[in-house]
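Note that the structure is predicted; figures quoted are calculated from it, not measured.
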Amino acid sequence: MTKIFETPLYPYEHSPDQDAASPVRHPVVVVGAGPVGLCAAVELAQNGTPVVVLDDNEKVSFGSRAICFAKRPLEILDRVGAGKRMLDLGVEWEVGKVFFDERQVYEFNLLPEKGHQYPAFINLQQYHFEAQMIARARELQAEGAPIEIRGRNKVEAIGAHDDHVALEIETPEGSYTLEADWLIACDGANSPSRRMLGLDFVGRVFEDNFLIADVVMDAKFPTERWFWFDPPFNRGQSALLHKQPDGVWRIDFQLGWDIDREKELDPANIDKRLRAMLGKDVNYTLEWSSIYTFQCRRMEDFRHGRVLFAGDAAHQVSPFGARGANSGVQDTDNLIWKLQLVIAGRAPESLLDSYNSERLRGADENITNSTRSTDFITPKSEMSRLLRDAVLDLSEHYEFARPLVNSGRLSVPCVYDGSPLNSADALPAGPARTRPGAPCPDAPLGDGFLLPKLGGHFTLLTIDADAPDQFEESGLKVERLALSSKDDKTQALKQRYLGDAKSAVYLIRPDQHVAVRRDTWNEDLFRAALRRATGKE
């Protein structure tokens, strides 16, 4: 059977741009057709902004690579027409188990509360994710949306100017030049775009290596995340097991620092590790293997004039915690609505500086959590190891010790506390989880859910409060979503948005983060909040 990653999904085609007498200018060019670049392009096109995606490949990624997609990115994907297809294809999970030696020391549930459209996580191989996003792009193309994916178009040089970006591109038919009003670089951890502009990462590289083995097997393990500290099959190290679609299982083995990479990737040696873990009688096929090193690094700035970096091109974290692709999708969610307002002339270019500040905050939060996970998983001294092992022993019997166990704090969305786009909180009795800067939590509404009703535009959300059905400020029209706590049969809306307040009025950003909240409508204050949220105040 032909694997999806063996089939060209966006093969090279000659473009009229290659025959133009002078470089053709496009509003937005995205470099990289991975998960982050495709998410950016699909959202741009869905909202009517022309976009060209360039990639030096013509196929989806080989190997599962990113596999864990969290609730928040799934909610983002739902807004661009791809969430349901990912959910249908992926493997849902919410429970994780932690083992020390051969003992289970505890388990956890990542989504203990009800009333959400999407689960805590799905597991889905990156190649399936990319294929679904390409399919969504093709749907948009068929509907007349302005999106183009150019395979085997390798960017060889980038020239950044005050009002555009110039690109030199190599193809099977030779080279050509192209211009972009804005360039979004989503070309991965080894980003050629970053290198061409003379930019680099700052941060840490940890002294440890991990082997990824994707195996196809008929196994009886449950659909849960299993993590081992010091298991009998990998003494002194750690291991991770995850189920994926198509009978594929992701297995990670900690290797240590001073290793022979070629030797560790020898299929015979991988087989020894797998047999020690799975037993001699398990039939499996090794689909893909790789070795990675923990790295927690980022660029000093994600915006450089008209070049904007997102995903692994902008920041790197260790895989434990599922923050790579998830944070990249949240990068694009933060960026695209701002860029579209700037392109439409409805916001100043300085609004894009808030992409830089907000997502730097997100990256730093991810790096902090990832660094703590790495330090716990790979203690750097005997004293650190003794302390870690004591915590693991205690966690088997005492609940207080379990939050101290860190096998990879799993991805959660960032709250943009202190963002220049936030207005002061005027609902002190409201829940902390929906303060200004926070992402909106989902809640059941009749036979549906809240987040799809908020959509991808500025929304005035009212709960038991009077307000106009719409208001307009600086060319932006804001529609009202009026809700009543009397219809809140599950009390989820009250718990998540009202708290102890009797009424609430929220201004929700297009990325469904809270811009401001008050107990009642005040026209002048909400107009000012909208100006602030669009960088005009």
Side-chain angles (χ1 to χ4, degrees), residues 30-40 43 61 65-70 72-73 76 126 129-130 158 182-206 208 210 292-305 307-336 338-339 352-375 377 408-419 437 439 511 513:
V30 174
V31 181
V36 178
L38 290 170
C39 284
E43 186 169 0
S61 300
R65 300 178 185 271
I67 65 164
C68 296
F69 294 95
R72 187 60 187 173
I76 294 167
Q126 182 170 321
F129 185 103
E130 291 176 8
I158 297 175
W182 298 94
L183 179 71
I184 306 177
C186 307
D187 47 352
N190 296 317
S191 173
S193 298
R194 193 178 62 237
R195 187 180 65 252
M196 290 174 204
L197 292 172
L199 303 170
D200 203 353
F201 280 145
V202 293
R204 293 175 61 186
V205 177
F206 292 85
D208 221 325
F210 288 77
Y292 62 85
T293 302
F294 273 1
Q295 300 187 46
C296 292
R297 308 187 297 164
R298 67 165 173 83
M299 298 177 68
E300 292 184 341
D301 291 292
F302 298 167
R303 181 190 178 195
H304 290 267
V307 183
L308 302 140
F309 289 84
D312 285 353
H315 45 74
Q316 282 182 278
V317 290
S318 63
F320 292 137
R323 290 186 174 83
N326 285 304
S327 62
V329 172
Q330 291 169 76
D331 287 346
T332 65
D333 187 46
N334 185 289
L335 171 62
I336 298 307
K338 298 174 181 177
L339 182 58
L352 296 173
D353 293 336
S354 71
Y355 165 70
N356 188 62
S357 61
E358 289 183 342
R359 291 314 297 162
L360 280 175
R361 179 185 178 89
D364 286 343
E365 185 176 290
N366 283 328
I367 286 171
T368 295
N369 286 319
S370 190
T371 299
R372 289 171 178 168
S373 298
T374 306
D375 287 339
I377 293 168
R409 294 277 188 260
L410 288 154
S411 175
V412 294
C414 177
V415 177
Y416 303 133
D417 287 319
S419 168
D511 57 2
H513 280 251

Which pair of heavy atoms, one from [X] and one from [Y], lies closest together, and at what distance?
X      : Y      : answer
Leu38  : Ala33  : CD1-O, 3.3 Å
Pro439 : Val415 : CD-CG2, 3.9 Å
His315 : Phe201 : N-CE2, 3.8 Å
Ala40  : Thr332 : CB-CG2, 3.8 Å
Gln126 : Pro35  : NE2-CD, 3.5 Å
Ala185 : Ala313 : O-CB, 3.7 Å

Would you find a donor on one side and an acceptor on the other, under 3.5 Å apart, between the side chain of [X] and the backbone of [Y]?
X      : Y      : answer
Asn356 : Phe302 : yes
Ser191 : Asp187 : no
Glu130 : Ser61  : yes
Asn334 : Asp511 : no
Arg194 : Met196 : no
Gln316 : Arg297 : no

Euclidean distance, [Y] [atom2] relative to [X] [atom1], rounded to 0.5 Å:
X      : Y      : atom1 : atom2 : result
Arg303 : Ser357 : CZ    : OG    : 11.5 Å
Ser370 : Ile377 : OG    : CD1   : 8.5 Å
Glu365 : Thr368 : CD    : OG1   : 8.0 Å
Leu360 : Ser354 : CG    : OG    : 11.0 Å
Thr374 : Phe210 : OG1   : CZ    : 7.5 Å
Cys39  : Leu335 : SG    : CG    : 12.5 Å

Salt bridge (charged side-chain N to carboxylate O under 4.0 Å, His left out) partners for [X], two or more places apart:
X      : value
Asp333 : Arg79
Arg72  : Glu75
Asp200 : none

(request) Test Phe309 against every option in Leu183, Ile184, Leu197 by the side-chain contact (heavy atoms from CB on, under 4.5 Å) rule and name the one that passes. (result) Leu197
(request) Please name all residues satisfying side-chain hydrogen bond (donor to acceptor under 3.5 Å, both in side chains) with Asn366, sequence neighbours left out, ordered by chain then number. (result) Arg323
(message) Holding to side-chain hydrogen bond (donor to acceptor under 3.5 Å, both in side chains), I want the full list of residues that pass it with Gln330, two or more places apart in sequence or in another chain.
(response) none
(request) With sequence neighbours excluded, give me every salt bridge (Lys or Arg N to Asp or Glu O under 4.0 Å) pair touching residues 354-364. (result) Arg298-Asp364, Asp331-Arg359, Lys338-Glu358, Glu358-Arg509, Arg361-Asp417
(request) Output, in order, the C-alpha distance, side-chain angles, deciding distance and verdict of side-chain contact (heavy atoms from CB on, under 4.5 Å) for Trp182 and Leu352. (result) CA-CA 11 Å; Trp182 298 94; Leu352 296 173; 3.4 Å; yes
